2 protein chains.
Amino acid sequence: MVERADSSESNAVLVDANAQVESFRQTRNNRRSELVEDYVELIADLLDHDHEARQVDIAQRLGVAQPTVAKMLKRLATEGLVQQRRYRGIFLTVEGKNLAEKSRERHQIVEAFLCALGISPETARIDAEGIEHHVSAETLRAFTTFLEQTPQKGGMAVAATVRKI
Amino acid sequence: MVERADSSESNAVLVDANAQVESFRQTRNNRRSELVEDYVELIADLLDHDHEARQVDIAQRLGVAQPTVAKMLKRLATEGLVQQRRYRGIFLTVEGKNLAEKSRERHQIVEAFLCALGISPETARIDAEGIEHHVSAETLRAFTTFLEQTPQKGGMAVAATVRKI
DNA sequence: TCTTAATTATAGCAATGGCTATGATTGCAC
DNA sequence: GTGCAATCATAGCCATTGCTATAATTAAGA
Ligand SMILES: [Mn+2]
Ligand SMILES: [Mn+2]
Ligand SMILES: [Mn+2]
Ligand SMILES: [Mn+2]
């Protein structure tokens, strides 16, 4: 790339290039773990509710085909997050449980935060499903602080999104 | 999938299946437009700043290789969002400009909102790059309202993130 | 037991988004 | 004008995430 001396001729201002590339890289990384997080979280939910998590149930809840789930579960098993018992469904390893619990907590905080902002539960549910994967630890703390400072709305929102025992 | 009568045996509560699948579907759709939005927004920024947007500059700012950009630009041209002038760089069509402006405004609001929450500018920048694509119109309105209700912090944050003329 | 329905696995395809290596053009400086 | 450096295009590779169609296996009921 060539350096252009006439850059300052324009009054438009660009973000620092190094900073911007860092943002894009981090976002691409987050994108790669989105699916994994949603899978283990959903599996944990199904296990809590039904005491089992079958491929067909996971597929139905995600809105994808069963072979798509089969392929992803193989990957999760390779990564040591789940254990497949033949025709008995999927179970989480310790590592998988940890990731599921972390993802679930973050998901609930994000969703409750959106509700506390006055967003409708339906929209909060939909938006949280995507936003959660791009919320850093610092942002999650800010969301939590905000929820604590608005106890009524925040409290109700948290209660409304609780999905575990 | 088999119906299980013992579902109520557990005290764990699952979100409604139809609602959940709608969330996942919407999130997958958003994921598909993420890259497109980032590209047109970045191209608009480069055009405002440098009066041209070359593949190498786009690649450098995104942190990807130049052929990756070439392939994506071909797709954007097919979709009628950009126009490639041979060895003169990339330009936005009217449709591309509209999408870029919409994406840029949403991006700025999200980033300013995070700053107004007390999140550091660096973290706000990184998180906003991913979050923006999953923010619905309703959530964007809620963010805007929040910014208007916290004029000092919000105003400063917005000023700090302005990147256009 | 044995038959069947549920469950899971596999094969084969497509689209997307990365990469490196290399070739082709063009613009500009000399 | 010519040559070189910059810019862009292309080929070929891989991984991921989807799909449909179909086979294989298992659990369970008659
Ligand atoms: Mn989630
Ligand atoms: Mn999610
Ligand atoms: Mn953006
Ligand atoms: Mn972005």
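Quantities reported herein were computed from a predicted structural model and do not represent experimental measurements. So that the names make sense, note that chain A is the first sequence line, chain B the second, and so on, each numbered from 1.
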Open item on the list: Tell me whether the side-chain N/O atoms of B:R28 come closer than 4.0 Å to OP1 or OP2 in D:dT17.
Closed with: no
Open item on the list: Taking only side-chain N and O atoms of B:R54, does any of them lie within less than 4.0 angstrom of OP1 or OP2 on D:dC8?
Closed with: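 For D:dC8, OP1 or OP2 has a side-chain N or O of B:R54 closer than 4.0 Å.
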Do the charged groups of [X] and [Y] touch, with an N to O distance under 4.0 Å?
{"X": "B:E37", "Y": "B:K102", "answer": "no"}
{"X": "A:R125", "Y": "A:E122", "answer": "no"}
{"X": "B:K97", "Y": "B:E95", "answer": "no"}

Output the single nucleotide from [options] whose closest atom is nearest the side chain of [X].
{"X": "A:P67", "options": "C:dT20, D:dA9, D:dA21", "value": "D:dA21"}
{"X": "B:T68", "options": "D:dA27, C:dG18, D:dC8", "value": "C:dG18"}
{"X": "B:A70", "options": "C:dA9, D:dT10, D:dG12", "value": "D:dT10"}
{"X": "B:R75", "options": "C:dG17, C:dG12, D:dT20", "value": "C:dG17"}
{"X": "B:V64", "options": "D:dA27, C:dG18, C:dA11", "value": "C:dG18"}
{"X": "A:K74", "options": "C:dG18, D:dC19, C:dT10", "value": "C:dT10"}
{"X": "A:V56", "options": "C:dT20, C:dT7, D:dT7", "value": "C:dT7"}

Spacing of [X] atom [atom1] relative to [N] atom [atom2], expressed in whole Å:
{"X": "B:N30", "N": "C:dT16", "atom1": "CG", "atom2": "C1'", "answer": "17 Å"}
{"X": "B:M72", "N": "C:dT16", "atom1": "CE", "atom2": "C1'", "answer": "7 Å"}
{"X": "B:E79", "N": "C:dG17", "atom1": "CD", "atom2": "C1'", "answer": "14 Å"}
{"X": "A:K71", "N": "C:dA14", "atom1": "NZ", "atom2": "C1'", "answer": "11 Å"}
{"X": "A:Q55", "N": "D:dT26", "atom1": "CD", "atom2": "P", "answer": "14 Å"}
{"X": "B:R32", "N": "C:dA14", "atom1": "CZ", "atom2": "C1'", "answer": "13 Å"}
{"X": "B:R25", "N": "D:dG18", "atom1": "CZ", "atom2": "C1'", "answer": "12 Å"}
{"X": "B:L76", "N": "C:dG17", "atom1": "CG", "atom2": "C1'", "answer": "13 Å"}

Task: Which residue lies more 5' along DNA chain C, comparing B:R86 with A:Q84 via nearest heavy atoms - done: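 It is A:Q84 whose nearest nucleotide is closer to the 5' end.
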Open item on the list: Is the positively charged end of A:R61 above the ring of B:F24, judged by distance under 6.0 angstrom from the centroid and angle within 45° of the axis?
Closed with: no
Open item on the list: By nearest heavy atom, map A:L35 and B:G89 onto DNA chain D; which one lands nearer the 5' end?
Closed with: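 Result: B:G89.
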Open item on the list: Nearest heavy atom decides the nucleotide; on that basis, is B:Y87 or A:Q66 closer to the 5' end of DNA chain D?
Closed with: B:Y87
- [ ] Decide yes or no for B:E129 and B:H107: does some side-chain heavy atom of the first lie under 4.5 Å from some side-chain heavy atom of the second?
- [x]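 Of all side-chain heavy-atom pairs linking B:H107 with B:E129, at least one is under 4.5 Å.
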